[in-house]
Amino acid sequence: MKIIKTKDELQGFSNSTIGMRKQKTIPLKNVSEISDEVNENMQLLEDCRRYWDSLRDFRTRRLRNRKYYRGDQWSDQIEDPDNAGEYITEETYLKNQGKVPLKQNQIRQLVKNLIGQYRSNPSKSMVVARARENAQATEMLSNALQAAEHNNMLPELDARIFEEFNLSGAVLQKIGYKYFKERNLEDLYVENVNPNRIFFNSDVADIRLHDLRLIGEIIDTTVDDIVSVFAKSQADEEKIRELYAGLVDRTYLSDHGLDATRLDNMDFYNPRDSNKARLFEIWRLRGEWRIYAHDPMDGSYSIVPYTLKEIAEQNLERVRLGTEQGLPQEEIPLVEAEEKYEQFWYVKFLTPFGHCLYEGETPYKHEEHPYAITLYPLLDGEVWGFVEDIIDQQRYINRLIIQMDFIMSASAKGVLMIPEDIIPDGMTPDDFAREWTRFNGVITYVPKAHGKIPEQISANSTGIGLNEMVALQMNLIQGISGVHDAIQGKTAVSGKPAALYAQEAQNASLNTLDYMSTFRYYKQKRDMKALKVIVQYYNEKRYLSVNGRTINEDTKLYDPELVRDLDFDVVITQGMDTPVYRQLIDETLFKLLEGQLIDLEMFLEHTSLPFADKLLAAVRQRKEAMAQSGLPGGMPEELLSQISGSVDPKAIALAKQSIGMKPTM
């Protein structure tokens, strides 16, 4: 069975590719019909399951990293010493020994520091034209991209995906186009993808992932959501509900709220929540022979739906018409065509039983799948995150803390030694001990000949170098992670010069530079794909609600005609939004303003001062009003001469320059 939709209807599915456009009409089939197509789809699902299973080690290591990051650091399995062949967690073993499984979570703090470094150095994606005359169009594209990222709250999404990057070494996001109900607007849509739900050909070795041939996602959603996306009629709705009949329990409520149980125990074919329907989105690289034709009459070069024989007949017809018009045969423009084996991305949405709800060639002009993915470091095909490097040090710190707790609990702590023969008659040892510890307590007894008296013993715990070992492991975890005291903002030791401390912080940042650069490379890839989606689907003019400070006011309005055939690229500029950078820019602009190298209007356009926009609007409004009044240059010379005696000459010159007048010498 295949259910298809019209050209512009398939959009808005929150967990799937949006905006499918290329489809072919295929008659609906009976649900009970077992066709070759279903068998082919089941074989495709089985291939995807094997790819998903091949990523089990990656998911297992990611789960362990997440547990240590979360603070669950005693859940590793060990053999039970009391029951050979059985395994228990380290936490259970410690509890069986009567001890509390203590932990000092250093991993969480180190990762939080990396996230803090990332947030404190935000970056912007800027579109760069290959031709200088397209500067205005590329500025408009930059505004459009930044506005779409703001609507998707991308800084928060990126912070969370950067956290995932530190845990697993994988960065996964999905770029589509959907309808936002709350804003009544169609726009770019970006979402983070959980690595437990993704599968791809796991033999990838190229860090750019040019050898990716298949990628897909396991989707769990409601039947109503599936119907709203894939059904174009009530008959389609009935068939979809028949496919999931008996598989979905609408009354089921999960007993695992706000925890990872469902994701940690996923099955490929069956959702853990019985009130959800399982759907598979599968993108794979396919190939077929296609005809590329170049027509010199209009300069086009594209894939055409004709055979080489049909193109040859068209050329003969052109020759005949040209000859009748008296043109020499060598001047008649003929179509040049060749047959090439073309690879393209093809998508299918399948149910667990192989029924296809939609299939088609990628609708995107970037000619790829909608996923943005980076795997780090992909060294010999292996992927791991920052957390995995420091787990052993974290375990040893916890072990030392437990050992110190063992020693302290086994040491004598004020033990009272009482000779039995000196306990007064009628008093028990408990009564004696109670009176001994009572404030102003009094105990009367008859001294014995041996002269022994009660004695209280308190022994010092023997550390056997545990404190030094803990300090060593703390230093090791900093050395291995590269997150030292200076970059964590800890107080420097007394007498250390500020310049030296700043240099230490700068040097420490080099240890994390690889992570930051890799993530910046990922953002550049992601934003390039997002920008192509914007150019493709922004078909009408729209006001860019978030556009920052632009040189040209026209760039605040997106005009698709300006970028329809534009050749562009995307670069990432680092540190544009940091407070230090903004302060430096404001100081530089103020010096230029004082030196009369720029006017007031230019200063207000580029400064980040909070009142700049309001003041700039007031300056322009007054300038326009004075220009309409017929005053030369917007301000009369008589008025300037009257106030010249009470105002600084530099201020007068600056005022003249700000309204376009030349200062008088």
Side-chain angles (χ1 to χ4, degrees), residues 1-2 13-17 31 34-35 37-66 164 167-170 172-174 191-204 209 212-223 225-226 229-230 240 243-249 252 254-256 259-285 345-359 369-371 373 375 381 383:
M1 170 189 155
K2 187 178 284 99
F13 193 28
S14 60
N15 289 321
S16 66
T17 300
V31 176
I34 305 299
S35 63
E37 179 187 349
V38 172
N39 294 333
E40 179 185 348
N41 292 336
M42 288 302 300
Q43 181 59 49
L44 175 61
L45 282 178
E46 192 62 19
D47 293 341
C48 295
R49 184 195 62 80
R50 285 195 289 265
Y51 281 134
W52 187 75
D53 285 342
S54 68
L55 297 172
R56 187 176 302 276
D57 176 69
F58 165 76
R59 293 193 299 271
T60 301
R61 289 185 288 108
R62 176 190 176 274
L63 173 59
R64 184 170 183 252
N65 295 343
R66 193 202 69 210
E164 173 66 43
L167 289 180
S168 64
L172 289 162
Q173 284 182 323
K174 195 174 185 180
E191 63 178 337
N192 293 345
V193 180
N194 191 286
N196 286 308
R197 295 187 176 276
I198 206 76
F199 52 85
F200 52 87
N201 58 294
S202 50
D203 58 343
V204 291
L209 298 182
L212 195 67
R213 303 184 304 275
L214 182 146
I215 186 170
E217 182 183 359
I218 301 172
I219 300 170
D220 290 333
T221 186
T222 64
V223 177
D225 285 341
I226 297 177
V229 174
F230 296 100
I240 290 177
L243 291 175
Y244 289 101
L247 300 178
V248 179
D249 181 9
Y252 172 80
S254 175
D255 55 352
H256 296 285
D259 72 0
T261 303
R262 292 186 295 273
L263 289 172
D264 294 343
N265 299 279
M266 281 189 62
D267 179 77
F268 185 78
Y269 286 106
N270 302 305
R272 186 172 179 86
D273 290 340
S274 60
N275 63 341
K276 296 291 184 65
R278 176 61 56 89
L279 186 67
F280 300 93
E281 178 180 355
I282 305 171
W283 294 78
R284 57 175 173 163
L285 201 60
W345 283 94
Y346 198 84
V347 62
K348 282 188 176 185
F349 286 88
L350 302 179
T351 70
F353 299 101
H355 299 98
C356 182
L357 301 183
Y358 169 83
E359 67 174 328
H369 52 81
Y371 297 95
I373 176 173
L375 303 176
V383 178

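Quick caveat, the model's predicted, so the values are computed rather than measured.
Considering only residues two or more places apart in sequence or on other chains, S274 meets the side chain to side chain donor-acceptor pair (under 3.5 Å) condition with none of them. Shown here are the side chain to side chain donor-acceptor pair (under 3.5 Å) partners of D53, two or more places apart in sequence or in another chain: R49, R56. Among residues two or more places apart in sequence or in another chain, the ring-ring contact (aromatic ring centres under 6.0 Å, His included) test is passed with F200 by none.
At a threshold of 4.5 Å between non-hydrogen side-chain atoms, the residues Y244 and T351 count as touching. Using a 4.5 Å heavy-atom cutoff, the side chains of F353 and L45 are not in contact. Contact of the V347 side chain with the E281 side chain is registered, since non-hydrogen atoms from C-beta on lie closer than 4.5 Å. Contact of the L172 side chain with the E217 side chain is not registered, since no non-hydrogen atoms from C-beta on lie closer than 4.5 Å. Using a 4.5 Å cut-off on side-chain heavy atoms (C-beta onward), I198 and I373 make no contact. For the pair V383 and L55, the minimum side-chain heavy-atom distance is 4.5 Å or more. Taking 4.5 Å as the limit, every side-chain heavy atom of R262 sits out of range of all side-chain heavy atoms of D220. Side-chain contact between E164 and N192 is absent, with no heavy-atom pair separated by less than 4.5 Å.
Ion pairing between a basic and an acidic side chain is recognised when a charged N comes within 4.0 Å of a carboxylate O; R213 and D203 show such pairing.
The aromatic rings of Y358 and F349 are tilted relative to each other, their planes meeting at an angle between 30° and 60°. Ring geometry, W52 versus F268: the interplanar angle falls from 30° to 60°, so the pair is classed tilted.
The heavy-atom pair separating F280 from P352 by the smallest distance is CE1-CA, 3.8 Å. The shortest heavy-atom contact between V248 and V223 is CG2-CG2, 3.8 Å. Nearest heavy atom pair, residue P271 against residue K276, reads CG-O, 3.5 Å. Taking every heavy atom of both residues into account, R59 and P195 meet most closely at CD-O, 4.4 Å. Of all heavy-atom pairs between M266 and L263, the closest is CG-O, 3.4 Å. Across every non-hydrogen atom of T261 and N265, the tightest pair is O-ND2, 2.9 Å.
Going from atom CG of L279 over to atom OG1 of T222 covers 11.0 Å, rounded to the nearest 0.5 Å. Between the CG atom in L44 and the CG atom in L350 there is a gap of 6.0 Å [rounded to 0.5 Å]. Atom CG in L243 sits 12.0 Å away from atom CZ in F230 (nearest 0.5 Å). One finds the NZ atom of K348 at 4.5 Å from the CD atom of E40 (value rounded to the nearest 0.5 Å).
Side-chain contact, Q43 with N39: no donor N or O sits under 3.5 Å from an acceptor N or O.
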Worksheet item: After noting the C-alpha distance and the side-chain angles of I226 and I240, does the key distance pass the side chain to side chain contact (heavy atoms under 4.5 Å, CB included) rule?
Response: CA-CA 8 Å; I226 297 177; I240 290 177; 4.0 Å; yes
Worksheet entry | D47 vs R284, side chain to side chain contact (heavy atoms under 4.5 Å, CB included): CA-CA, chis, key distance, verdict | CA-CA 11 Å; D47 293 341; R284 57 175 173 163; over 6 Å; no
Item to complete: Kindly indicate, with the supporting measurements, whether the criterion side chain to side chain contact (heavy atoms under 4.5 Å, CB included) is fulfilled by R278 and I218.
Response: CA-CA 7 Å; R278 176 61 56 89; I218 301 172; 3.4 Å; yes
Practice prompt. For the pair N201 and L212, evaluate side chain to side chain contact (heavy atoms under 4.5 Å, CB included) and give the outcome as yes or no after the intermediate values.
Written response: CA-CA 7 Å; N201 58 294; L212 195 67; 3.4 Å; yes
